[in-house]
Protein chains: 2
Amino acid sequence: MTASSPTRRERLRSAAVSEIKEGARRLLVAGGPQAISLRQIARDMGMTAPAIYRYFPSLEALVVALAEDLMGEVAGVVAAAGEAAGDDPGRQLAAMARAYRAWAVANPVEFGLVFGAPVPGVGELALDCLPDDPGADLGRPYVAAFLKLWQREPWPTPPREYMLEHLGPYLGPLRQAHGDLPIEVAYTFLSGWARLYGMVAMEVFHQVRWALTKPEALFEAEIVQFLSQVGALPK
Amino acid sequence: MTASSPTRRERLRSAAVSEIKEGARRLLVAGGPQAISLRQIARDMGMTAPAIYRYFPSLEALVVALAEDLMGEVAGVVAAAGEAAGDDPGRQLAAMARAYRAWAVANPVEFGLVFGAPVPGVGELALDCLPDDPGADLGRPYVAAFLKLWQREPWPTPPREYMLEHLGPYLGPLRQAHGDLPIEVAYTFLSGWARLYGMVAMEVFHQVRWALTKPEALFEAEIVQFLSQVGALPK
DNA sequence: TTGCGACAGTAAACATCGTTCACTCAGCTG
DNA sequence: CAGCTGAGTGAACGATGTTTACTGTCGCAA
């Protein structure tokens, strides 16, 4: 009856929850979000569909839970890549950007679910501006690397008074979640994140093939260009 | 029997096609792509569902046709904004960027259908690299403005030899579609387009609210920063 | 004018889906 | 051992996309 070890019932229950989410992900990958079917998941598990309602109140809730797991997965991959890149924040930024793209390219449908058009119900989880927002977990290591880089040596930015006037009033959530982040760092992070997100989403959503046959080449060029802009080129 | 004027049958038919697509868009806006229902569209038209199969071979084909229309709509809005902005290519770029964002913010669900995760069947229409790709129609006025700006006065870019080696082999579709586009212009256009797309998609897909309460402020700051980078600030 | 053929639309049916309800059965706890 | 909690089932409801067979109706040609 140790409080830390879950009871047998709880172990079985969480195993079932995991199996359901694995089945949902399999269907997601095979045929997109609309292919996630409670009945098919149940069939794959040797059960009937209503049994799943013991674990999730609706199909939508299951999809939301899956999306949360996926956000955690990509956040973990990115953070691990940053930690494995050594102490130089420039190298960390490059490694984390590449890790984000690599995860997206390897898991395109999952990327679409988490970072694409908000599925009704899934969009709500990114609406709150709390520091424990799953999206914030993803951004945190990037912000930390930018901050380390800034404290070592600042890079050129737009005039401070322009940013304070036009951006300052709306940066509250980001700056407070990271302890009085300098506005230059906040702006550079957001600008860089938008570029990273745009490049990756364009590639994964097939939005750039009409112009470019190898999106990775543009991605690498942009990394070089951006890192040199913030004075973080290793050489 | 004049060849230019369509026969009565053809007029009725194209009116029905339009009404079906209007109904589909209404359902799309109301409840997302999965809410588009043949039976509901037919009910709204005072018909039964199988009648729609006289006009579209499947629901998926209807969604694809709707997506094509929407791509044409946004391309038209952007081109019109560019033409209304006068002769200065810098002003044209700013106006077209704002028009793109404005359309996306005003039509978020439609934006998700056209520019978001590829719905099975819709993703295929952006796969080909032909010059008459609907996506190319959207990019053309941007490329034209960049080219005019470049011919007037070039801006600093990464070294030409780097781009020729790392980007040149993969830029064929874009450069050929615009008649021997200089590689500096091709790179700057793609980089800028990725930034524009990233900013807009982040805002419309609720991917930035955890950090920023007013995405438009960051959008405007990025416009200023980018235009000054390419030496196109009006002042 | 008459006839015919192409076309628009319908009704019924099938397979699938999410969801609810009443029910059974096993396992843990008092 | 009794009883309760929770997992799972089967049947049912309403909804979906799609197919099939059928019925009109309109327009064009002889």
Side-chain angles (χ1 to χ4, degrees), chain A residues 1-3 5-28 30-67 113 119-122, chain B residues 1-3 5-28 30-67 113 119-122:
Chain A
M1 200 183 282
T2 52
S5 87
T7 156
R8 170 181 162 79
R9 283 278 255 268
E10 289 170 341
R11 271 188 297 114
L12 287 180
R13 185 175 175 83
S14 80
V17 167
S18 296
E19 192 176 352
I20 292 171
K21 288 194 285 198
E22 286 166 17
R25 181 168 182 175
R26 213 176 314 126
L27 294 177
L28 171 73
Q34 54 162 354
I36 304 178
S37 152
L38 287 185
R39 293 185 121 109
Q40 187 58 50
I41 295 171
R43 269 193 297 269
D44 294 344
M45 295 175 66
M47 290 197 324
T48 59
I52 298 188
Y53 284 80
R54 297 282 165 188
Y55 303 93
F56 295 93
S58 69
L59 170 62
E60 184 180 296
L62 166 59
V63 175
V64 170
L66 177 60
L113 181 65
V119 178
V122 179
Chain B
M1 199 183 278
T2 53
S5 89
T7 155
R8 169 180 164 82
R9 283 279 253 267
E10 288 171 344
R11 273 188 295 113
L12 286 181
R13 184 175 177 83
S14 80
V17 167
S18 296
E19 190 176 353
I20 291 171
K21 289 195 283 197
E22 285 167 17
R25 181 167 184 176
R26 214 176 312 126
L27 293 176
L28 171 74
Q34 53 163 350
I36 303 178
S37 152
L38 287 186
R39 292 186 119 106
Q40 187 59 51
I41 295 171
R43 268 193 298 269
D44 294 345
M45 296 176 65
M47 292 196 323
T48 59
I52 299 188
Y53 285 81
R54 298 282 165 188
Y55 303 94
F56 296 94
S58 69
L59 170 63
E60 185 180 297
L62 166 59
V63 175
V64 170
L66 177 60
L113 182 66
V119 178
V122 179

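So that the names make sense, note that chain A is the first sequence line, chain B the second, and so on, each numbered from 1. Side chains are part of it too, since the values below use all heavy atoms of this structure and drop only hydrogens, waters and symmetry mates. In this text the structure is predicted, and so the values were computed from the model without any measurement.
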Mind checking side-chain contact (heavy atoms from CB on, under 4.5 Å) for [X] and listing every partner two or more places apart, or none if nothing turns up?
| X | answer |
| --- | --- |
| A61(A) | P57(A), S58(A) |
| A16(A) | Y55(A) |
| Y53(B) | L38(B) |
| S18(A) | E22(A) |

Got a sec? Which of residues 11-23 of chain B come in under 4.0 Å of DNA chain C, heavy atoms?
R13(B)

Below the 4.0 Å mark, does dT18(D) have OP1 or OP2 next to a side-chain nitrogen or oxygen of Y53(B)?
yes

I'd like the 5' and 3' limits of the part of DNA chain C contacted by chain A, with heavy-atom contacts below 4.0 Å.
dC17(C) to dC28(C)

Protein-nucleotide distance (E10(A), atom CD; dA7(D), atom P), rounded to Å:
11 Å

When rounded to whole Å, the CZ to C1' distance for the pair F56(B) and dG17(D) reads 16 Å

May I have the list of side-chain donor-acceptor pairs in residues 39-51 of chain A shorter than 3.5 Å, sequence neighbours left out?
residue : atom : partner : partner atom : Å
Q40(A)  : OE1  : R43(A)  : NE           : 3.4
Q40(A)  : OE1  : R43(A)  : NH2          : 2.9
Q40(A)  : NE2  : D44(A)  : OD1          : 3.0

Residues in contact with DNA chain D, drawn from residues 37-46 of chain B - heavy-atom cutoff 4.0 Å:
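Only S37(B), L38(B), R39(B), R43(B) qualify.
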
Which atom pairs link the protein and nucleotides 20-28 of chain D when you take only N or O atoms and keep those under 3.5 Å?
residue : atom : partner : partner atom : Å
dG27(D) : OP1  : R8(B)   : NE           : 2.5

Categorize I36(B) for me: base, sugar-phosphate, or nothing, with a 4.0 angstrom heavy-atom threshold over every strand shown.
sugar-phosphate

Given side-chain contact (heavy atoms from CB on, under 4.5 Å), test L59(B) with I52(B) step by step and report yes or no.
CA-CA 9 Å; L59(B) 170 63; I52(B) 299 188; over 6 Å; no

